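Right, one structure below, let's go through it.
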Amino acid sequence: MDEFMALAIGEAREGLAAGGIPIGSVLVIDGEVVGRGHNQRVQKGSVVLHAEMDCLENAGRLGAADYKRSVLYSTLSPCDMCSGAVLLYKIPRVVVGENSTFRGPERWLRDRGVEVDVIDSPECADLMTAFIRDHPRLWNEDIGE
């Protein structure tokens with residue numbers, strides 16, 4: 001498994017251990033991790049802190065040229081909000097751990113020039129499958145259902 005996806009999975013596990021939703025994300029520029037995060041909607045009572053948003057927040061302010069050289073790793077297919085951030089900052093590539101439990105607007109990203117690579121990680125899918133089974137109400141809240 002890719003070292004950066006492994007870090008994203010670590011973030012997902014950290015979020016789960018803290019009582020949150022097990023989704024993690026890492027932002028990489030030129031082979032170096034510049035941001036990492038996990039879903040913190042439960043822990044911080046936030047309406048926007050999905051893993052990708054937490055990761056971008058933790059990366060801090062970056063220049064446009066930095067984002068254009070970056071890769072965003074996420075254990076789960078990014079939702080509309082997180083995909084919008086990818087487009088806003090012109091992040092050229094997103095690596096997705098799995099999209100079988102939830103599929104965001106991947107086609108929209110691709111149509112806008114973003115390379116979306118889905119690696120179908122069994123570890124990512126197992127984390128989400130167990131969480132959705134055990135916490136369906138919280139999961140539905142997280143995806144806006």
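Computation of the quantities below employed the complete heavy-atom set of this structure, encompassing side-chain atoms and omitting hydrogens, waters and symmetry-equivalent molecules. Here the structure is a predicted model, which means the values were calculated and not measured.
When atom types are taken as modelled, the side chain of Asn99 and the backbone of Phe102 share no donor-acceptor pair closer than 3.5 angstrom. For the pair Asn58 (side chain) and Cys55 (backbone), a donor-acceptor distance under 3.5 Å is absent.
Every residue meeting the side chain to side chain contact (heavy atoms under 4.5 Å, CB included) condition with Asp80, not counting sequence neighbours, appears here in chain and number order: Pro105. A search for side chain to side chain donor-acceptor pair (under 3.5 Å) contacts involving Arg110 returns nothing, not counting sequence neighbours. Qualifying side chain to side chain contact (heavy atoms under 4.5 Å, CB included) partners for Asn140, counting only residues two or more places apart in sequence or in other chains: Ile143, Glu145. Qualifying side chain to side chain donor-acceptor pair (under 3.5 Å) partners for Ser70, counting only residues two or more places apart in sequence or in other chains: none. By the side chain to side chain contact (heavy atoms under 4.5 Å, CB included) test, Ser100 pairs with Glu98, Ala125, sequence neighbours left out. Checked against side chain to side chain donor-acceptor pair (under 3.5 Å), Gln40 has the following partners two or more places apart in sequence or in another chain: Asp54. Partners of Asp117 under the side chain to side chain donor-acceptor pair (under 3.5 Å) rule, at least two apart in sequence or in another chain, are Arg93.
Put simply, the side chain of Val94 does not reach to within 4.5 Å of the side chain of Val71, judged on heavy atoms. Between Asp2 and Ile119, the closest side-chain pair of non-hydrogen atoms is not below 4.5 Å. Residues Tyr67 and Leu88 are not in side-chain contact: their nearest non-hydrogen atoms beyond the backbone lie 4.5 Å or more apart. Under the 4.5 Å side-chain criterion, counting only non-hydrogen atoms from C-beta, Pro92 is not in contact with Val114. Between Ile91 and Leu56 the shortest side-chain heavy-atom distance falls below 4.5 Å.
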Name every donor-acceptor pair, under 3.5 Å, that has one atom in a side chain of residues 19-27 and the other anywhere in the protein, sequence neighbours excluded.
unit_1	atom_1	unit_2	atom_2	d
Ser25	OG	Tyr73	O	2.8

Return a table of donor-acceptor pairs under 3.5 angstrom between the side chains of residues 42-53 and protein atoms on other chains or two or more places apart.
unit_1	atom_1	unit_2	atom_2	d
Gln43	NE2	Gly15	O	3.4
Gln43	NE2	Asn39	O	3.4
Ser46	OG	Val48	N	3.0
Ser46	OG	Leu49	N	3.0
His50	NE2	Asp142	O	3.4
Glu52	OE2	Ser74	OG	2.7

Only distances under 3.5 Å count here; give the side-chain donor-acceptor pairs of residues 28-36 to other protein atoms, sequence neighbours excluded, each with its distance to 0.1 Å.
unit_1	atom_1	unit_2	atom_2	d
Asp30	OD1	Arg69	NE	3.3
Asp30	OD2	Arg69	NE	3.0
Asp30	OD2	Arg69	NH2	2.9
Arg36	NE	Glu11	OE2	2.9

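Considering NE2 of His38 and CD of Glu14, their distance stands at 4.5 Å, rounded to 0.5 Å. Within the model, atoms CE of Met128 and CG of Leu16 stand 9.5 Å from one another, a figure rounded to the nearest 0.5 Å. Rounding to the nearest 0.5 angstrom, the gap separating the CE atom in Met5 from the CG atom in Leu7 is 10.0 Å.
In the hydrophobic clustering of this structure, Tyr89 does not group with Val95; members are Ile, Leu, Val, Met, Phe, Trp, Tyr whose side-chain heavy atoms approach within less than 4.5 Å, directly or through other members. Residue Ile9 is not grouped with residue Leu72 when hydrophobic side chains (ILVMFWY) are merged at heavy-atom distances under 4.5 angstrom, including chains of intermediate members. Residues Val118 and Phe4 are members of separate hydrophobic clusters, defined by side-chain heavy-atom contacts under 4.5 angstrom among Ile, Leu, Val, Met, Phe, Trp and Tyr.
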Check the pair Arg107, Arg112 against side-chain contact (heavy atoms from CB on, under 4.5 Å), reporting the backbone distance first and the verdict last.
CA-CA 8 Å; Arg107 183 174 181 184; Arg112 300 282 304 269; over 6 Å; no
Determine, stepwise, if the pair Thr101 / Phe131 fulfils side-chain contact (heavy atoms from CB on, under 4.5 Å).
CA-CA 10 Å; Thr101 59; Phe131 183 82; over 6 Å; no
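The 12-atom threshold is exceeded at CD of Glu115, counting heavy atoms of other residues, nucleotides or ligands nearer than 6.0 Å.
The stretch residues 107-128 participates, sequence neighbours left out, in no ring pair (Phe, Tyr, Trp, His ring centres under 6.0 Å) pair at all.
Annotation for Ala12 and Leu127: closest pair CB-CD1, 4.1 Å, computed over non-hydrogen atoms. The heavy-atom pair separating Val96 from Ser77 by the smallest distance is CG1-N, 3.4 Å.
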